[in-house]
Amino acid sequence: MKFCLKRTFVLFAIVGASAALTSLRAQTTAQSADPANEHVFLVMTDGLRWQEVFRGADPSLLTKANNDDRPVDTLVRQYVRSTPQQARAALMPFLWSHIVPEGEIYGNRDKGSDAHVTNGFNFSYPGYNETLTGRADPRINSNDPTPNPNVTVFEWLNKQSGLTGKTAAFGAWSVIADAFNRQRCGFTDNAGFDPLTSIPMTPRLDLLNHLKAETPRLWDDETFDAPTFYTSLEYLEAKHPRLFYLSLGDTDELAHAGSYGRYLEAANRVDRYLQRLWEFVQANPDYRDHTTLILLTDHGRGDAPVEWKSHGQKIPDSKYIFIAAMGPGIPHSGEISGGKPVTQSQIAATVARLVGKDWNKQTPAAGQPLPGILVSH
Ligand SMILES: [Zn+2]
């Protein structure tokens, strides 16, 4: 079998069919997952640009003007390298040394890979709604804390056999509670400054709840990523959910604040959190070899020298995002070059397919799963 595949590989190489090469590699290296045992961790970091993900730090933005409060030379030493490959590995080492080699990443526009949002707003709530339901909704046209009228794929999956009571969502931004519709969704939906009280209290969780409530608030509707992340880890360890959602916000807030160095540090922290999540996965027999990790952002941002701080309808290029994934059923395609565009609206159906469910049957207008997801039925 191996020999035959190798020969086919050579044949394709001779005819120069690079697209076929990519799909062949996907077929020969990804394992077909048994959805009844699978877990999905969906992580979003708000407003992280594809430019930093694929090129690393932009040296032109590491100026005193963009980093009043940070020593620029330290940031240069930490994050600036001579090639984009080295710079991105310095910024997000776990993404580039584990997730991409063992999975795939879409959205490097320098290589002709297009990943974008379809909602037309290019800001947060429309992006979370699109991700969680699989389609843009023109009614979700502000970041106001309005309970989502739409059912998310998580709410639906939480009612399916084998998945009931095995879902949880965490968000640094308080509106994440509304995006999932806390009143209706039926699972732990912990967001903003909320204490976590749905699991037995431990000294560590008690301290996290106090820190969240009592740390001076920089943003009215959002806590820092750290308490949210470590709270979600407490939940993971206590409850072992099959569907786990985490939304982080430092990347967006610190870019709006115009601190490029703090924005880079936030992206680097997200990478360390992903590594920590994966260490948890590897240390638990329920999760090890049965968990898919997906990372994306809710929207992009504008370009240097000024618009990188912002995003929205008036910055059309802020529709561009990245989508990365690894785990059973995810093709080992690595960094995607060229190919058909993928959209944020494909994430909901991807999550469902990974646990053996069909979101498109339930919500025909939702985007299809990402290409090449392999699960047995
Ligand atoms: Zn923003």
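As a basis for the values below, the full set of heavy atoms in this structure was taken, side chains included, without hydrogen atoms, waters or symmetry mates. We number each residue from 1, following the sequence as shown. Numbering of ligands and ligand atoms starts at 1, following listing order. This one's a predicted model, so the numbers in the text were calculated from it and none came from an experiment.
- Applying the ring pair (Phe, Tyr, Trp, His ring centres under 6.0 Å) rule to pairs touching residues 186-212 yields F180-F187, sequence neighbours excluded.
- Applying the side chain to side chain donor-acceptor pair (under 3.5 Å) test to residues at least two apart or on different chains, the pairs with a partner in residues 88-99 are R88-E335.
- Relative to the ring axis of Y320, R109 places its NZ or CZ within 45° and under 6.0 Å from the centre.
- Counting only protein N, O or S atoms closer than 2.8 Å to the Zn ion (ligand 1) gives 4.
- In terms of the salt bridge (Lys or Arg N to Asp or Glu O under 4.0 Å) criterion, residue partners of R301 (sequence neighbours excluded) are, by chain and number, D252.
- Looking at R135 and E130, no side-chain N of the basic residue comes within less than 4.0 Å of a carboxylate O on the acidic one, giving no salt bridge.
- Side-chain atoms of T45 do not come within 3.5 Å of backbone N or O of L48 as any donor-acceptor pair.
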